[in-house]
Amino acid sequence: MGMDQVGGHQRSPFDSVRAMAHDDRSDGPWPTLEPTELDLDEWRRSLLARLELLTPSQREAVEHISGPMLVLAGPGSGKTRVMTHRIAYLVAHGVPAWQIVALTFTNKAADELKHRIHQLVPGADVWAGTFHRFCGRLLRRYANLVGLDESFTIYDRDDQKRLLKESVRLAGVELFHYTEDQIGQVIGHVKNRSFDPQQALEELGDPLSALAARVYPVYARRMIECNAVDFDDMLIHVARLLAEQPDLRRTLDARMRYLLVDEYQDTNSVQYAIVRALSVDHPNLVVTGDPDQSIYGWRGADITNILEFERDFPRAKVVRLEQNFRSTQRILAVADQLIANNQRRRHKALLTSNPEGSPVRLTHYPDHRDEAEQVAEHIAQRIAAGDRRANDFAIFYRVNSLSRSFEMALRKRSIPYQVVQGFEFFERREVKDVLSYLSLLINPRNDIAFERVVNSPARGIGKTTVEKLRQHAADQRLPLLDVARSATTIPRLAARSAKLAQKFAQLIDSLSLKVHQSVEEILGLVLSESGLREALENTDATEGEDRLANIDELLNAAREFDEAFVDREGESPLESFLEQAVLASDVDALETETERVTLMTLHAAKGLEFPSVFIVAIEDNILPHARAKSDEAQLEEERRLLFVGITRAREELHLSRAHYRTQRGSVTPTAPSEFLLELPRESMECLDLGVDGHFRLRGRTQRARGDEDFHGGVDGEGFHVDRQAWDAYDGVDELPEDWDRQRSDETVVTTDDDAVDFDPDSWDSSAPSGAASVGRGPASSNSTPQRPVRSKVAPSLVAGKLQTAAQMAGEEGEAKKADPESFRFKQLVLHPEYGTGTIVALSGSGAKRVATVKFVSHGEKTFRLAFSPLTPIG
DNA sequence: TACCTGGGTTTTTTT
DNA sequence: AACCCAGGTA
């Protein structure tokens, strides 16, 4: 659930829960089509009229009734429209709505789909939901077939981690140099790819997997004992059911006769197994997707599912939606060039009849702060000028942690914004504690919840007591709550502790009698009876207040949930509430109507669109993320991620990067993302604001980290730049040659037009040219300055053929800078910010040559000479 | 038992 | 910079 703010004031993060509660009516597993009061003929006529508005290929997809179909839908090609219209078309042709199931990945997408279906086919209760909800529903019904009780709990990541930790202990495996997290990762990896994780782990066979293979069965057993599932289990159980129970499979296949799967490129093999099993007798399976937008490989999404759909279903119809209705020509040109760099891909056209639009802007800011400030400033000005509203803008980034500076900059200007998924509301401790109480009421076997709340608030049941309870529970194979209830019979447990444990059990028991009351009532009872509220009220000042505010928020959500709750088959509202709380995601909370700037990760941006989009921090190790550069497949996924971001933009696209970025508390120089080199310059306008601020930052770094510890050399440890990208990039970096001498505010703009104005005299043609000579390999021992040197480009040499920065880089020249080796002990030097000083210490060579300078008025500082703005005097 | 402090670790993306 | 955990202390 995202934190949602307006100028710093928190808004309810529960909108999605609310929305879902409202929609719950249509969320039933197999709803029937209610006879509408509409004039059917009239409705059919209007539908036909609507079909006239579609493109031929859209129409072809819409009018497909039975049999498998693959819809390859490029970005902005009207995919959702096709899906909804097809559903309407099916209904118009007499298909009962309850036979239609549409599966999506996010609740947001599902809600959108439902909404639009309702508009198109009033009264048709088509089942639309996420894979997880769908499986959750099935699993509640068939829980007993997999050893669960229908009141099972869905464990979130935190719960899951706790159970895993316990399982590692229980399995008695020696972790050696591995960590629990690693074990968890391996298990998670396997569960995303197979519905027989045990076997898959054994097949992997490496030492870590072997360990995981010993932990996994314990984990799986504990899950069942706790009457719980994790996210993956929800899918896995259903996949297994379908595989192992032919009768059930047949029944469900017949029932869900028309299956639609959105974002098919993001399905993993478990989801594939489910979809496949439901499309055997009635293979009316329609999948839509775009291989170029596959960005969930890391969680097992298997792009071959979509690439090989036709092999799976040889008779499948394939429809391509290639016309883009969203973006300008220039934006699409950028997207198209970029994605063309992926090797593992089928060519796909991106066509549009939209206007050319304004150039895509690429800006290099000095540091992250400038980036944030100027983005915010741009937005502020556009809003002030009245040509845009706040909700026209979105800022996308690769990792959540990058949102901070933008939040600050926006807040400073009182621009309302929303962060989609800042941090999880439901994962905050106090909220999670309350939810754990609730969960324990419904599922008394939920040991994780028990452990979580047994001493929260403190009631004297400490570690030792819990350990003994746990021990006993493990011996007797009983849930902790049961053990606590009869704690006095446990040998070696102090009488006082046993009493307290018993008292706790009684508390839970008495609360669980109220389980069928409204969520708000139970919540209130839990808060007062457990002493939680009191404890929070007694904790001091700010923190306690925040927590109380969160609790109040939870109460609000409960109330609103109650109001919207529709009783279905005697299901308890509480159970429903809890399920929604875990499955609610952050993207769901997105508000598109209200006037706010939207901040989110590139992943979350999928499926959305905005008139004006900023994609920030397009830097090496961030946009191809440092952990995603190891192999080509991952790199291509990163490229697709940028592609997804770019194609969200309707009219304006701003790409940016900062020369210096603060991450994890330290300032490091950055290299531009290699993807930037792949973009077509003729559709762009590039602007480099230089490294002004660099000196200031350098100073800060020195102060923060001490002398010898300066961090950030190109060859320094912990900072790996792709030298070639850097150098190649420098060809278009356009800083004046003497950039290090002037703290210029001057900016340099390159467009194709500027190329004509190039002054060959300012280009040092004697410098080596060509990428090979620019890149300084380890072998080069000459005295070339190691600082990535800025230089002017010689675009006129290749006029008319300019394509990408990478190509231009081949034509670059170099400028000179003081050679690090030329500095001497006691040398007088000049620093643009600190003034004059004397070198008092020198060490290292090349890029690592470091000098300590004693300044007249700023004390001692240490510099890497290759990168420093120091100039020798005399 | 609870709180405090220091040290070590961390963030890729999410249902 | 922010968070979590361990270990020490009240």
Side-chain angles (χ1 to χ4, degrees), chain A residues 1-2 16 103-110 129-136 154-158 160-161 165 179-181 185 188 191-192 229-236 263 266-268 270-271 294-301 368 396-405 408 420-424 426-429 455-466 496-497 500 535 539-540 579-588 600-606 617 621-630 634 637-638 640-642 644-645 661-667 704-705:
Chain A
M1 186 64 40
S16 62
L103 297 177
T104 63
F105 277 80
T106 62
N107 294 304
K108 173 87 191 157
T130 63
F131 267 100
H132 285 86
R133 271 172 186 283
F134 176 72
C135 291
I154 301 167
Y155 275 0
D156 67 10
R157 268 237 326 310
D158 183 62
Q160 200 183 337
K161 214 172 144 186
K165 209 170 165 179
T179 64
E180 273 146 7
D181 280 345
Q185 273 168 29
K191 287 175 98 169
N192 271 308
V229 294
D230 61 28
F231 290 137
D232 302 325
D233 289 335
M234 296 176 77
L235 307 181
I236 288 175
E263 309 280 14
D266 285 329
T267 48
N268 64 28
V270 182
Q271 288 159 332
S294 165
I295 53 175
Y296 286 99
W298 51 274
R299 67 170 214 218
H368 72 110
F396 302 151
Y397 33 77
R398 175 66 235 263
V399 295
N400 284 117
S401 61
L402 290 167
S403 72
R404 261 195 119 80
S405 35
M408 271 158 38
V420 176
Q421 195 202 218
F423 42 102
E424 303 272 327
F426 289 111
E427 285 175 11
R428 283 180 222 190
R429 206 176 69 215
N455 201 32
S456 160
R459 46 173 76 86
I461 306 178
K463 261 198 191 131
T464 2
T465 311
V466 172
R496 183 174 155 276
S497 304
L500 290 169
T539 51
D540 51 331
E579 177 167 327
Q580 304 212 3
V582 247
L583 291 182
S585 84
D586 311 294
V587 197
D588 310 331
M600 62 179 137
T601 63
L602 286 161
H603 281 89
K606 193 162 67 162
N621 287 330
I622 292 185
L623 192 32
H625 192 270
R627 297 221 206 166
K629 299 204 304 182
S630 51
Q634 287 190 59
E637 181 157 310
E638 296 288 304
R640 289 195 292 267
L641 199 47
L642 181 55
V644 166
R661 187 164 300 277
T662 309
Q663 273 197 311
R664 280 199 219 130
S666 67
V667 183
R705 306 194 53 109

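Keep in mind that this is a model prediction, so the values were computed, not measured. Residue numbers begin at 1 in each chain, while the letters A, B, ... track the order of the sequences.
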Calculate the interatomic distance between [X] atom [atom1] and [N] atom [atom2]; express it in whole Å.
X	N	atom1	atom2	value
Phe105(A)	dT15(B)	CZ	P	11 Å
Arg661(A)	dA1(C)	CZ	P	16 Å
Phe396(A)	dT13(B)	CZ	P	16 Å
Ile154(A)	dT14(B)	CD1	C1'	15 Å
Gln271(A)	dT14(B)	CD	C1'	12 Å
Glu263(A)	dT14(B)	CD	P	14 Å
His132(A)	dT14(B)	NE2	P	14 Å
Ile622(A)	dT13(B)	CD1	P	12 Å

- Message: Quick check: Trp298(A) with His625(A) (ring centres under 6.0 Å apart)?
- Response: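 Not under 6.0 Å, so no.
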- Could you work out the separation of dT13(B) and dC4(C) based on their P atoms and round it to a whole Å?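 It comes out at 16 Å once rounded to the nearest Å.
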- Item | Whichever of Thr464(A) and Phe231(A) has its nearest DNA chain B nucleotide further upstream toward 5' |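 Final value for this comparison: Thr464(A).
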- Item | Contact nearer the 5' end of DNA chain B, comparing Lys463(A) with Arg157(A) |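 The residue whose closest nucleotide sits nearer the 5' end is Lys463(A).
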Between [X] (side chain only) and [Y] (backbone N and O only), is there a donor and an acceptor less than 3.5 Å apart?
X	Y	answer
Asp230(A)	Asp233(A)	yes
Tyr397(A)	Met600(A)	yes
Gln271(A)	Phe131(A)	no

- Item | Flag if over 12 foreign heavy atoms under 6.0 Å of CZ, Arg157(A) |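 It does not: Arg157(A) CZ has 12 such atoms or fewer within range.
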- Quick one: pull up CZ in Arg404(A) and OG1 in Thr662(A) and give me the separation to the nearest 0.5 Å.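 With rounding to 0.5 Å, CZ (Arg404(A)) is 12.5 Å from OG1 (Thr662(A)).
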- Query: Given dT14(B), is OP1 or OP2 found less than 4.0 Å from the side-chain N or O atoms of Asn400(A)?
  - Reply: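 Yes.
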- Using a cut-off of less than 4.0 Å, is there contact between a side-chain N or O of Asn107(A) and OP1 or OP2 of dT15(B)?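 For dT15(B), neither OP1 nor OP2 has a side-chain N or O of Asn107(A) closer than 4.0 Å.
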- Query: Would Asn455(A) and Lys463(A) satisfy side chain to side chain donor-acceptor pair (under 3.5 Å), going step by step from the backbone distance to the final call?
  - Reply: CA-CA 9 Å; Asn455(A) 201 32; Lys463(A) 261 198 191 131; over 6 Å; no
- Message: Between Arg661(A) and Asn621(A), is the side chain to side chain contact (heavy atoms under 4.5 Å, CB included) condition met? List the steps.
- Response: CA-CA 11 Å; Arg661(A) 187 164 300 277; Asn621(A) 287 330; over 6 Å; no
- Test side chain to side chain contact (heavy atoms under 4.5 Å, CB included) on Leu402(A) and Ile622(A) and set out the steps. CA-CA 10 Å; Leu402(A) 290 167; Ile622(A) 292 185; 3.9 Å; yes
- Message: Using the side chain to side chain contact (heavy atoms under 4.5 Å, CB included) criterion, which residues pair with Thr130(A)? Sequence neighbours excluded.
- Response: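 Result, side chain to side chain contact (heavy atoms under 4.5 Å, CB included) vs Thr130(A): Thr104(A), Asn107(A), His132(A), Arg133(A).
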- Message: Can you work out whether Arg404(A) or Lys161(A) has the more 5'-proximal nearest nucleotide on DNA chain C?
- Response: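 The residue closer to the strand's 5' end, by nearest nucleotide, is Arg404(A).
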- Message: Between dT13(B) and Trp298(A), is there a base-stacking contact, meaning the centre of the base's six-membered ring lies under 5.5 Å from the residue's ring centre while the planes stay under 30° apart?
- Response: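 It does: the ring sits over the base of dT13(B).
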- Query: How does protein reach along nucleotides 2-11 of chain B, written 5' to 3' as B (base within reach of a heavy atom under 4.0 Å), S (only sugar-phosphate), or - (no contact)?
  - Reply: S-------BB
- Checking all strands, does Phe131(A) fall into the base, sugar-phosphate, or nothing category for heavy-atom contacts under 4.0 angstrom?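 No contact.
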Please enumerate all protein N or O atoms sitting under 3.5 Å from an N or O of nucleotides 8-10 of chain C, with distances to 0.1 Å.
none

